[in-house]
Protein chains: 2
Amino acid sequence: MGNNQNLAAKVLFEKILDNIRLGIWPIGSAIPSERTLVSEFNVSRITVREALSMLKALGAISTSQGKRSVISPLDSNIISRLFPLMMSLQGEKTYEQIFEVRLAIESRTAYLAAVNRTEDDIVQIKALLEKLRIETSANIEQSIETDLQFHIQIAKSTQNPLFPALLNAISGFVTYVQVLSCRGNPVKRKRAMHFHETIADAIIGSDPERARVEMESHLRGSADKMLKSGMFKKKC
Amino acid sequence: MGNNQNLAAKVLFEKILDNIRLGIWPIGSAIPSERTLVSEFNVSRITVREALSMLKALGAISTSQGKRSVISPLDSNIISRLFPLMMSLQGEKTYEQIFEVRLAIESRTAYLAAVNRTEDDIVQIKALLEKLRIETSANIEQSIETDLQFHIQIAKSTQNPLFPALLNAISGFVTYVQVLSCRGNPVKRKRAMHFHETIADAIIGSDPERARVEMESHLRGSADKMLKSGMFKKKC
DNA sequence: CGGCTAAACTGGTATTACCAGTAGGGTGAT
DNA sequence: ATCACCCTACTGGTAATACCAGTTTAGCCG
């Protein structure tokens, strides 16, 4: 009655995934050829290719004709690509769940960035802030991308690569929300700009607690607007 | 130079995804049979099955032998499955980095659990606490697993499936740390037990701020111990 | 009319063959 | 000896066919 059959393709898929997870097939290395896997696992090439297709869909491997398939170094944006689809199907529930995670991550990145940021981070943050300032009143579409870059730069400033990776994973969600929330809404952009400046100021001034508080206010502000507007149900 | 070929399977995959997105094939409905898609898109059945495999990997459809494949709701547990993969594909990371993420997540789960926990959650938490109490003075190895279960239960109590998923993604490293930290160290276990009780008490008593603070203290306590032992900087 | 069976679906797997890129080794010219 | 070239033996990508194993359904028979 369920769908949990012992399908050969799925089994192979899991096996390969395990080999990746356990580091037997390191990132960037080439996995055995399809014909090799066929004889190794005693399955047909179809089964092998179906397993590889699943891995491809998850971004775990990348393939190109003539060359061996290789383990992808990292593709957190595969996850982010799913967000628009999920949002259009699930709407508010998903939105709130993701938002809560984002708040958990970013209130911490703001804090840690204020503690760990390097001089180079400060330069980057200031540059993005300036770019954002210009685009906010000129190119809205572009400013959404820069906005995301700003948040990711803060995550990088924690000096912990896992934070930008996590944020990147939900970046599809972030931009999706931004697009709906801010398109043709200069007032909201102005408000957001003010928060960005405050957050940057706190991080540069090594004031972690203030950075955290301002980041939370900033995110909650956007979230409230979204929930009220009911725009998250729109298709894209 | 990249891998963005016009692969028939990928094209079909996108087409089907579009049909889902646009609501042409609603959630729960059966998609055309593989043979139908074969003649409809003028591709071989292999190509069709590879496209469907990709959709399966993303959780967009579910298949079972003899029955038509159906569109399944693409909700956040897809992300739940992808987070662990993402973490394992992340390459070099230290226990310290993992810990920082854990702190970000768990200080939030403690808070949200105190807000959103159900009556059933309270029962579960109390049960795990009691199990922990017994094992702490009897079976250390087992208590580490129960410890993790306790933390995951708190994440579940947020009513947001993404939190337990994230915690699960980093649980492999978490337990490793616990083992190193507490093996044959009854005093530390006693201390941890006290924190567990306090956290549970705050969650049950709907005191989010206290739950958060206590959780942070608890985690930092373990972390400090790890820092002293020098194992914290290790790669994993 | 009701119950059972058999045919006509469905997805799952295997085999074979060929196309289309890539890389490596050998051969030729310089 | 060295370099350029090409040919061969790989690689993944696609197709056609056949069969297995479940599910559904239509029709037969009582």
Side-chain angles (χ1 to χ4, degrees), chain A residues 1-17 19-20 25-73 75 78, chain B residues 1-17 19-20 24-74:
Chain A
M1 47 198 51
N3 50 356
N4 23 346
Q5 283 119 318
N6 288 354
L7 306 180
K10 200 162 191 177
V11 170
L12 181 55
F13 165 74
E14 294 290 348
K15 267 187 186 172
I16 296 177
L17 214 48
N19 281 344
I20 297 175
W25 295 342
I27 297 169
S29 70
I31 69 176
S33 76
E34 295 181 357
R35 269 88 168 181
T36 306
L37 291 172
V38 164
S39 56
E40 213 165 283
F41 290 92
N42 282 313
V43 291
S44 79
R45 200 166 154 224
I46 288 188
T47 304
V48 169
R49 283 188 64 82
E50 284 182 17
L52 294 182
S53 293
M54 290 193 251
L55 291 166
K56 244 192 297 188
L58 298 185
I61 64 171
S62 72
T63 63
S64 53
Q65 199 169 349
K67 292 189 286 192
R68 295 265 283 272
S69 304
V70 295
I71 310 289
S72 288
D75 211 346
I78 292 291
Chain B
M1 198 122 300
N3 49 355
N4 21 345
Q5 283 119 320
N6 289 353
L7 307 180
K10 199 161 190 175
V11 170
L12 181 54
F13 165 74
E14 294 288 350
K15 269 188 185 173
I16 295 177
L17 215 48
N19 281 343
I20 299 175
I24 298 174
W25 296 343
I27 295 174
S29 70
I31 69 176
S33 75
E34 296 180 355
R35 269 87 168 183
T36 306
L37 291 172
V38 164
S39 56
E40 214 165 281
F41 290 92
N42 282 315
V43 291
S44 78
R45 197 160 158 231
I46 289 187
T47 305
V48 169
R49 284 188 64 82
E50 283 182 17
L52 295 183
S53 293
M54 290 193 252
L55 291 166
K56 244 190 300 185
L58 298 184
I61 65 172
S62 71
T63 65
S64 52
Q65 198 169 351
K67 291 190 288 195
R68 296 266 282 274
S69 303
V70 296
I71 312 287
S72 43
L74 194 53

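Note that these values count all heavy atoms, side chains included, but never hydrogens, waters or copies made by symmetry. Throughout, protein chains are lettered first and strands after them, A, B, ... in sequence-line order, and every chain is numbered starting at 1.
With D/dT14, D/dG13, C/dT10 as the candidates, the nucleotide lying closest to the side chain of B/Arg35 is C/dT10. Which of D/dA15, D/dG13, C/dG12 sits closest to the side chain of B/Val43 comes down to D/dA15. Taking only side-chain atoms of A/Lys67, from C-beta outward, the nucleotide of D/dT11, C/dG11, C/dA23 with the closest atom is C/dA23. Comparing D/dG13, C/dG11, C/dT13 by their nearest atom to the side chain of A/Glu50 picks out C/dT13. In the set D/dT14, C/dG11, C/dA20, the nucleotide with an atom closest to the side chain of B/Ser44 is D/dT14. Picking from D/dG13, C/dG11, C/dT13 the nucleotide with the shortest atom distance to the side chain of A/Thr63 gives D/dG13.
Summary of the strand contacts: B/Asn42 and A/Ser69 both lie near DNA chain D, and taking for each the nucleotide with the nearest heavy atom, the more 5' one is attributed to A/Ser69. Each of A/Gly66 and A/Val38 was matched to the nucleotide of DNA chain C holding its nearest heavy atom; the match closer to the 5' end belongs to A/Val38.
Side-chain contact between B/Trp25 and B/Ile61 is absent, with no heavy-atom pair separated by less than 4.5 Å.
Applying the 4.0 Å criterion to OP1 and OP2 of D/dC10, one finds that A/Ser33 has every side-chain N and O outside that range. The shortest distance between the side-chain N/O atoms of A/Arg49 and the OP1/OP2 oxygens of D/dG13 is below 4.0 Å. Taking only side-chain nitrogens and oxygens, A/Thr47 comes nearer than 4.0 Å to OP1 or OP2 of C/dA14.
Between B/Arg45 atom CZ and C/dT15 atom C1' there is a gap of 14 Å when expressed in whole angstrom units. Here D/dT11 presents its P atom at 14 Å from CD of A/Gln65, a figure rounded to the nearest Å. The interatomic distance linking B/Ile46 (CD1) with C/dT13 (P) rounds to 13 Å, in whole Å. Taking atom CG of residue A/Leu55 and atom P of nucleotide D/dG12, one finds them 13 Å apart after rounding to whole Å. Atom CZ in A/Arg68 sits roughly 12 Å away from atom P in C/dA23 (whole-Å rounding). Rounded to a whole Å, the CG atom of B/Leu37 is 10 Å from the P atom of C/dT10. Taking atom CD of residue A/Glu34 and atom C1' of nucleotide C/dT15, one finds them 15 Å apart after rounding to whole Å. In this structure, the NZ atom of A/Lys10 is 14 Å from the C1' atom of C/dG11, given to the nearest Å.
A donor-acceptor pair is defined here as one N or O able to donate and one able to accept, closer than 3.5 Å; such a pair exists between the side chain of B/Ser72 and the backbone of B/Gly59. The closest donor-acceptor contact from the side chain of B/Arg68 to the backbone of B/Ile31 lies under 3.5 Å. A/Ser33 places a side-chain N or O within donor-acceptor distance of the main-chain N or O of A/Thr36, the cut-off being under 3.5 Å.
Exactly one of A/Thr47, A/Ile16, A/Thr63 qualifies for a side chain to side chain contact (heavy atoms under 4.5 Å, CB included) with A/Leu52. That residue is A/Ile16.
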